[in-house]
Amino acid sequence: MPHLLETPDFETAFAALRVDTRGEGRPILILHGGGGPRTVAGLTQALASEARVITPTHPGFDGTSRPDVLGSIADLAAFYVQMLHSLDLDHVLVVGSSIGGWIASEMALLPDNRIAGLVLIDAVGIAVEGEDVADVFTLSPMEMMDRVFHAPDRIRAAAPPPSDAQRGVDAANLKTLAVYDDRIAMQDPTLRARLSGIRCPTLVLWGESDRVVSTVYGRAYAAAIAGAEFCVIEMAGHLPQIEQPEQTIDLISGFLVELDDAFDT
């Protein structure tokens with residue numbers, strides 16, 4: 001495999017990487033979105049009962065350091081493919097939420113990526129005429145919640161108000177997200193056409209009430225990947241793994257069984 005990051009740079013970044021690893025068995029890599037690793041914490045815990053789940057914190061999120069070598073989504077994709085090689089992981093299911101789905105898509109387009117399948121959950125990254133991605137950099141926290149969740153008032157009532165420390169983390173995460181976005185408004189104009197190069201089985205999950213990226217956008221994402229399955233999750237927004245965890249996990253688990261059955265035949 002070509003070294004997409006120079007070895008010293010990769011080793012420095014990899015040494016500083018914060019990774020949550022749980023469970024045993026076939027490997028699943030979970031990639032969080034702009035809300036940070038807490039947005040996939042429940043997914044990590046649930047899937048760890050049936051697999052070895054690796055959930056990194058993207059460098060620069062939640063107080064971690066971000067080396068200069070990592071300055072775009074493409075850089076992160078190359079970094080995580082290199083990580084799979086360093087950990088000697090193969091036949092990996094990659095599950096990506098929001099920008100994590102964007103990263104996962106770019107990973108699947110790289111050579112020798114060791115990916116057996118993709119699950120893209122309300123992914124961003126493509127350009128669809130008339131279906132812009134919400135400008136998360138200009139929305140207030142309240143406006144963002146209204147965009148992200150099917151039932152934002154229920155989410156607000158269930159969670160304590162964020163502490164000053166958490167607000168600081170969220171603000172820093174947004175700055176890191178802006179670096180990785182590299183001023184393209186979450187829409188790489190080349191990605192949609194390139195998605196035809198993905199060869200692994202792909203499941204695209206979409207919250208019916210997502211107001212960050214609509215279901216029209218989601219259907220376009222799935223249609224760009226040959227053979228991809230598209231499933232709408234009702235009563236969920238941009239993070240169905242939070243609002244409808246059981247349905248989301250059931251769909252991923254079923255897809256995992258199909259992958260393993262295909263691999264065994």
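Please read all numbers here as calculations on a predicted model, not as lab measurements. Heavy atoms only: backbone and side chains are in, while hydrogens, waters and symmetry mates are out.
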> What pairs of residues pass the salt bridge (Lys or Arg N to Asp or Glu O under 4.0 Å) test when at least one of them lies in residues 34-57, not counting sequence neighbours?
Replying inline: Arg38-Asp170
So with a 6.0 Å cut-off around [atom1] of [X], is the heavy-atom count from everything else above 12?
X      : atom1 : answer
Gln247 : CD    : yes
Gln166 : CD    : yes
Arg154 : CZ    : no

>> Between Ile30 and Leu47, is the side-chain contact (heavy atoms from CB on, under 4.5 Å) condition met? List the steps.
In response: CA-CA 10 Å; Ile30 297 182; Leu47 291 175; 4.1 Å; yes
Rounded distance (nearest 0.5 Å) linking atom [atom1] of [X] with atom [atom2] of [Y]:
X      : Y      : atom1 : atom2 : value
Met144 : Thr138 : CE    : OG1   : 9.5 Å
Leu174 : Leu139 : CG    : CG    : 9.5 Å
Asn113 : Arg199 : CG    : CZ    : 11.5 Å
Thr39  : Leu239 : OG1   : CG    : 6.0 Å

Within-4.5 Å side-chain heavy-atom neighbours: [X] and [Y]:
X      : Y      : answer
Leu256 : Arg26  : yes
Tyr180 : Ser72  : no
Met186 : Asp135 : no
Leu259 : Leu93  : yes
Leu17  : Phe79  : yes
Arg22  : Ile54  : no

Taking all heavy atoms of [X] and all of [Y], pick out the closest pair and write down the distance.
X      : Y      : result
Cys200 : Ala108 : SG-CB, 4.5 Å
Asp75  : Val69  : OD2-O, 3.2 Å
Gln244 : Met235 : NE2-O, 3.0 Å
Ser65  : Pro59  : O-CB, 3.4 Å
Ala77  : Glu106 : CB-CB, 3.6 Å
Asn173 : Gly34  : CB-O, 4.2 Å

> Who are the ring-ring contact (aromatic ring centres under 6.0 Å, His included) partners of Phe149, not counting sequence neighbours?
Replying inline: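 Scan of Phe149 (ring-ring contact (aromatic ring centres under 6.0 Å, His included), adjacent residues dropped) gives none.
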Has the side chain of [X] got a donor or acceptor atom that lies under 3.5 Å from a matching backbone atom of [Y]?
X      : Y      : result
Arg167 : Pro162 : yes
Ser97  : Gly100 : no
Thr202 : Leu118 : no
His85  : Asp112 : yes
Ser86  : Gln82  : yes
Glu208 : Thr215 : no
Arg66  : Leu70  : yes
Glu143 : Ser140 : yes
Asp62  : Gly36  : no

Same cluster or not: are [X] and [Y] linked, directly or through other Ile, Leu, Val, Met, Phe, Trp or Tyr residues, by side-chain heavy atoms under 4.5 angstrom apart?
X      : Y      : result
Ile99  : Ile184 : yes
Leu109 : Val204 : yes
Val213 : Phe137 : yes
Val19  : Ile115 : yes
Val179 : Leu76  : no

> When you look at Val148 and Ile155, which way does the side-chain contact (heavy atoms from CB on, under 4.5 Å) test go after all the steps?
Replying inline: CA-CA 10 Å; Val148 166; Ile155 297 296; over 6 Å; no
> Would Leu205 and Thr248 satisfy side-chain contact (heavy atoms from CB on, under 4.5 Å), going step by step from the backbone distance to the final call?
Replying inline: CA-CA 8 Å; Leu205 303 180; Thr248 304; 4.2 Å; yes
> Picking from Leu89, Val95, Val119, Ile252, what satisfies side-chain contact (heavy atoms from CB on, under 4.5 Å) with Ile28?
Replying inline: Val95
> Using the ring of each side chain (for Trp, its six-membered ring), is Tyr217 parallel, tilted or perpendicular to Trp206, with breaks at 30° and 60°?
Replying inline: tilted
> Parallel, tilted or perpendicular for Phe61 and His58, by the 30°/60° rule?
Replying inline: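 Answer is perpendicular, since the angle exceeds 60°.
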> Just by distance, with hydrogens left out, do Thr44 and Thr55 show a side-chain donor and acceptor under 3.5 Å apart?
Replying inline: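 Yes - a donor-acceptor pair under 3.5 Å links their side chains.
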> Does a side chain donor of either His238 or Ser98 reach within less than 3.5 Å of an acceptor in the other side chain?
Replying inline: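 Checked: His238/Ser98 side chains pair up, N/O donor to acceptor below 3.5 Å.
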Please table the atom pairs, donor to acceptor, closer than 3.5 Å between any side-chain atom in residues 120-132 and protein atoms at least two apart or in another chain.
from, atom 1, to, atom 2, distance (Å)
Asp122, OD1, Gly207, N, 3.2
Asp122, OD2, Gly207, N, 3.1
Glu131, OE1, Ser214, OG, 2.6

> Can you name the side-chain contact (heavy atoms from CB on, under 4.5 Å) partners of Ala46, sequence neighbours left out?
Replying inline: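 Counting only residues at least two positions away or on another chain, Ala46 forms a side-chain contact (heavy atoms from CB on, under 4.5 Å) with Ile249.
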>> Among residues at least two apart in sequence or on other chains, which ones pass side-chain contact (heavy atoms from CB on, under 4.5 Å) with Glu229?
In response: Leu203, Cys231
Using a strict 4.0 Å threshold on nitrogen-to-oxygen distance, state whether [X] and [Y] make a salt bridge.
X      : Y      : value
Asp146 : Arg211 : no
Arg114 : Asp88  : yes
Asp181 : Arg183 : no

> Can Val232 and Phe230 be said to form a side-chain contact (heavy atoms from CB on, under 4.5 Å), step by step?
Replying inline: CA-CA 7 Å; Val232 172; Phe230 183 74; 3.5 Å; yes
>> Could you work out, with salt bridge (charged side-chain N to carboxylate O under 4.0 Å, His left out) as the rule, every residue matching Asp188, not counting sequence neighbours?
In response: Arg194
